[in-house]
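Order of the sequence lines fixes the chain letters, A, B, ..., with proteins taken first and strands second; residue numbering starts at 1 for each chain. Values below: every heavy atom of this structure, side chains too, minus hydrogens, waters and symmetry copies.
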Protein chains: 2
Amino acid sequence: MNGKPLFFLNCADCKCKSSIFKSLSDEELELINKGRFHVTYKAGEIIFKQGTPSSHFVCVTSGLAKIYIEGYGKNLILALIKPVDYIFGPGVYIDNKHYYSASAVEDSTACLVDTLIFKKLVRSNADFAEDFIRRLSNQTLFNFEQVISLTQKQMHGRIADALFYLSEKIYCTNPFNITISRQDLADISGMSKESAIRILKEFKEEGILTVDGNLFEILNIKQLKQISETG
Amino acid sequence: MNGKPLFFLNCADCKCKSSIFKSLSDEELELINKGRFHVTYKAGEIIFKQGTPSSHFVCVTSGLAKIYIEGYGKNLILALIKPVDYIFGPGVYIDNKHYYSASAVEDSTACLVDTLIFKKLVRSNADFAEDFIRRLSNQTLFNFEQVISLTQKQMHGRIADALFYLSEKIYCTNPFNITISRQDLADISGMSKESAIRILKEFKEEGILTVDGNLFEILNIKQLKQISETG
DNA sequence: TGTAATCATTGATATATGTCAATGAAGAAT
DNA sequence: ATTCTTCATTGACATATATCAATGATTACA
């Protein structure tokens, strides 16, 4: 419930706008601002659901969200989205459908912006278009790493990768407090919850990691890196 | 060695240009044409190698190529590229590096075009940029299907998916002659060559498939679809 | 403040899948 | 033809991983 002033901001003054918008002028930001909704989500709430039409893209302004594909009986978490980052699915330029679901992991707030406005700006502003393509490319590279980790590494390597992802990319500290569940950790690593927990236990026993509830600390980064690399 | 006249064509007259170029004017095509190389590859030859700098993108004009990530001890085939389709890796907009390798599966020919020209056209022609983004989006959707198949389906389902991919997307006939090896089939399906062969054998025994050397025929499409869906 | 509900943990077990080794078949080269 | 090399096939075996079931811990809640 903090951050209420955000409701009154416009995009041009927004202190926490996504870096994708840096190539936009104030007039262009005003365009975005006009088609914008500010929403709050409680932890666990669905932001959008795979298969539904997508008319807006989502910019997470506080909290933490996950995007995940609902597959055959289980979920694959594609990424965690933290402030200030945005969710722009591949369906927007194809058939305006969501190809994955998104939900709030922590209590979160987000801005929703009409994708038509976004597409218009892509056409009219080459810098913006290029930034967007760069962003799509980075996502693809991330997908590549992910698919190789998931298909060619054994569980230890995959958990190691997930731990580095959480520590380095999401929580950005080393003793870090995870706000995701063990099931989420398993859905990131493509394994069962039970297996994920067992690997954590092994890492603890080998002194690579300490786990106290949701507080994790990677003690032996070098060894964990090696586990990540040897699969 | 057929198709020699291709060497003398320019892009504007090319009968087999990739659909990505349909939004370009003759002048713009001439720009592409100027920075273009026509190359022939023998089956098995490497077109480019993961990790090397990428200055040109590749448009396959005859034959068949594969793009594959060289992972931890084995390869993952991301896609087969048939005429007329092009290979434009995600590194082009990031650091001009190849993030996967490409090689010719059959004797092939290709045009190489400077990526700088491509990027210039993306900036100057909004239709072209949008077509390109659409294409990137489609690739992402394909990646999603692939990662779900590879991580959430058992071997039977993955081989079923690979067979449909070959029959419907690549060779586009039902009794189809594969020009890829069993190892390639395994690298598409994310399993060992031996496992892939065993699954094929089971499908044969159940009357779902006939396999005579490299000639495949899917006999019971409905059943194979179901195997694909039940994982 | 207890009761339900969810989440985390652990053990036992079944099985999907990879690895290794051996053999057969099909081309390529001499 | 004959040898050599690559590719395909099969079997035996080891093991990585999921599933199921039970229990403990934590949180929501009324």
Query - B:Glu45 atom CD: more than 12 heavy-atom contacts under 6.0 Å - result: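 Yes, enclosed.
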Report summary line: Each nucleotide of nucleotides 23-30 of chain D classed B (base within 4.0 Å of a protein heavy atom), S (only sugar-phosphate) or -, in 5' to 3' order, makes --------
I want to check something: taking the side chain as every heavy atom from C-beta on, are [X] and [Y] in contact at a cut-off of under 4.5 Å?
X	Y	answer
B:Ile221	B:Asn174	yes
A:Thr140	B:Thr140	yes
A:Phe203	A:Val211	no
B:Cys111	B:Thr61	yes

Report task. Using a cut-off of strictly less than 4.0 Å between a heavy atom of the residue and any atom of DNA chain C, enumerate the qualifying residues of residues 184-198 of chain B by number. Result ->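 The answer is B:Gly190, B:Met191, B:Ser192, B:Glu194, B:Ser195, B:Arg198.
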Round to a whole Å and report the spacing from [atom1] of [X] to [atom2] of [N].
X	N	atom1	atom2	value
A:Ile199	C:dA8	CD1	C1'	16 Å
B:Asn214	D:dC7	CG	P	12 Å
B:Ile178	C:dA26	CD1	P	15 Å

Query raised in the report: For residues B:Gln139 and B:Asn143, is any side-chain donor paired with an opposing acceptor at under 3.5 Å?
Result: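 Distance-only check fails for B:Gln139 and B:Asn143.
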Query raised in the report: Pairs in or reaching into residues 76-87 of chain A: which pass side-chain hydrogen bond (donor to acceptor under 3.5 Å, both in side chains), with residues at least two apart or in two chains?
Result: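 Only A:Asp85-A:Arg135 qualify under side-chain hydrogen bond (donor to acceptor under 3.5 Å, both in side chains).
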